[in-house]
Amino acid sequence: MIIVGHRGARNEAPENTLESFVHAYQHGCRHFELDVQLSQDKQLIVFHDTTLKRTTGHRGRMTDFTAQELSNFDARLNTPGWPRPCPIPSLKTVVDALPDVSHWQFEVKTDSRLRLSIIAEQLIHFISARKLEERATITSSNRWILKQVKKRSIRSSTGLVAESRLYDPVKSATALGCDYLCLSDKLVSAKRVHDARKKGLHCSVWTVNDLKRMNELRQLGVDSVITDVPSKALTFMSASV
């Protein structure tokens with residue numbers, strides 16, 4: 001079972017910063033999930049929240065600032081003791097710094113359809129320009145953007161981020177033509193994992209930080225787990241093989 005670093009290594013370093021991905025990479029992690037949004041000047045930015053407050057202490061919406069302005073904010077507020085400033089990075093900054101990562105999950109956060117359309121087009125171009133077609137999946141809980149990606153590039157790998165009990169996630173992911181089902185741990189069942197894999201979906205479960213639970217998911221046949229503690233998880237999984 002593959003260990004995927006959540007926002008780099010969310011509980012080990014400042015989330016969604018270059019430092020977080022480098023930290024996890026240096027501890028053996030080669031699969032990552034990160035959040036993608038659009039800056040005011042339409043650049044792809046790695047950031048989770050709609051506002052800057054939680055990770056930088058500054059007021060304002062992330063989308064109200066340019067990429068250059070965002071790079072001047074220090075995003076380590078919620079990681080006490082981290083010794084160095086951690087700028088909010090562009091997607092280019094993170095991916096180009098780690099060229100031999102095995103796989104990326106680029107999760108697109110919900111936005112207006114106009115902005116999502118721009119993100120879809122830019123991500124497809126970004127992946128193609130770096131020849132990441134086999135090493136990157138565009139994921140989202142927003143079905144509209146997943147449809148847009150497939151319409152624009154049938155080769156693009158997509159994944160449905162599922163956390164609602166109101167619909168069958170396997171059927172939904174299959175209907176959308178997805179390659180990945182990114183399943184909330186609260187929705188996991190043996191049947192659901194079996195059904196996903198039977199449909200040819202890579203089943204990736206989030207967010208799993210308990211080591212015992214990781215082992216349970218491995219026994220169920222889950223393909224990958226997204227975790228805030230990839231360094232600890234990798235050590236545990238290698239020792240328990």
Side-chain angles (χ1 to χ4, degrees), residues 2-10 12-49 52 55-56 62-63 65-76 79 82-109 111 115-140 145 149 152-153 155-159 179-180 182 204 224 226-228 230-231 234:
I2 296 167
I3 299 298
V4 181
H6 184 221
R7 306 180 199 170
R10 185 173 179 242
E12 300 175 4
E15 66 177 70
N16 276 334
T17 65
L18 177 58
E19 289 78 0
S20 190
F21 295 96
V22 170
H23 167 86
Y25 183 90
Q26 290 175 340
H27 286 81
C29 192
R30 295 295 183 270
H31 296 75
F32 291 104
E33 182 271 356
L34 55 75
D35 302 289
V36 179
Q37 298 191 63
L38 205 62
S39 64
Q40 186 187 61
D41 56 339
K42 299 180 176 56
Q43 301 298 309
L44 297 175
I45 302 298
V46 180
F47 198 76
H48 178 271
D49 296 2
L52 300 173
T55 59
T56 74
M62 192 283 290
T63 54
F65 296 89
T66 66
Q68 180 59 54
E69 289 170 336
L70 291 168
S71 72
N72 292 324
F73 290 119
D74 184 356
R76 59 176 167 152
T79 311
W82 191 262
R84 298 174 301 279
C86 296
I88 297 173
S90 67
L91 183 63
K92 179 181 185 299
T93 296
V94 171
V95 173
D96 289 356
L98 300 171
D100 61 340
V101 162
S102 298
H103 193 269
W104 298 95
Q105 288 186 33
F106 299 145
E107 183 181 348
V108 179
K109 310 309 289 184
D111 205 331
R115 291 172 63 84
L116 288 177
S117 180
I118 295 169
I119 292 175
E121 195 65 38
Q122 288 201 23
L123 270 179
I124 291 168
H125 176 75
F126 181 89
I127 290 168
S128 176
R130 287 161 178 75
K131 297 180 171 56
L132 293 174
E133 288 87 353
E134 303 300 321
R135 296 193 290 128
T137 298
I138 299 170
T139 72
S140 187
I145 191 172
V149 169
R152 297 168 192 227
S153 173
R155 292 182 59 205
S156 293
S157 174
T158 57
D179 307 279
Y180 272 55
C182 305
S204 189
S224 64
I226 300 171
T227 179
D228 295 327
S231 303
L234 285 164

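When atom types are taken as modelled, the side chain of Arg115 and the backbone of Leu38 share a donor-acceptor pair closer than 3.5 angstrom. With hydrogens and angles ignored, the 3.5 Å screen pairs no side-chain donor or acceptor of Arg7 with any backbone N or O of Asp35. Looking at Glu107, its side chain never comes within 3.5 Å of a backbone N or O of His48 through a donor-acceptor pair. In terms of modelled atom types and a separation under 3.5 Å, the side chain of Asp228 and the main chain of Ala9 share no donor-acceptor contact. Formation of a donor-acceptor pair under 3.5 Å by the Glu133 side chain with backbone atoms of Arg155 is not found in this model. For Ser128 (side chain) and His125 (main-chain N/O), no donor-acceptor pair under 3.5 Å exists by modelled atom type.
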Exercise. side-chain contact (heavy atoms from CB on, under 4.5 Å) between Ser204 and Gln105: does it pass, once the steps are laid out?
Worked result: CA-CA 10 Å; Ser204 189; Gln105 288 186 33; 3.2 Å; yes
For this session: Carefully, step by step, assess Thr17 and Thr79 under the rule side-chain contact (heavy atoms from CB on, under 4.5 Å).
Result: CA-CA 11 Å; Thr17 65; Thr79 311; over 6 Å; no
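Side-chain atoms of Thr55 and Phe73, non-hydrogen and from C-beta on, never get closer than 4.5 Å to each other. Contact of the His6 side chain with the Thr227 side chain is not registered, since no non-hydrogen atoms from C-beta on lie closer than 4.5 Å. Annotation: side chain of Met62 is not in contact with side chain of Ile88 (no heavy-atom distance under 4.5 Å). Under the 4.5 Å side-chain criterion, counting only non-hydrogen atoms from C-beta, Asp179 is in contact with Thr158.
Residues satisfying the side chain to side chain contact (heavy atoms under 4.5 Å, CB included) test with Ser39, not counting sequence neighbours, are Asp41, Gln43, Ile45, Ala67, Leu70.
Ring geometry for Tyr180 against His103 counts as parallel: the plane angle stays under 30°, on a 0 to 90° scale with 60° as the upper cut.
Between Val149 and Ala120 the shortest heavy-atom distance is CG2-CB, 4.0 Å. When all heavy atoms are compared, the tightest approach of Pro85 to Glu19 is O-OE2, 3.6 Å. The two residues Glu15 and Ser20 have their closest heavy-atom pair at CA-OG, 4.2 Å.
Separating the CG atom in Leu234 from the CD1 atom in Ile2 is a distance of 11.0 Å, to the nearest 0.5 Å.
Atom CD of Glu69 sits in a crowded spot, with more than 12 heavy atoms from other residues, nucleotides or ligands closer than 6.0 Å.
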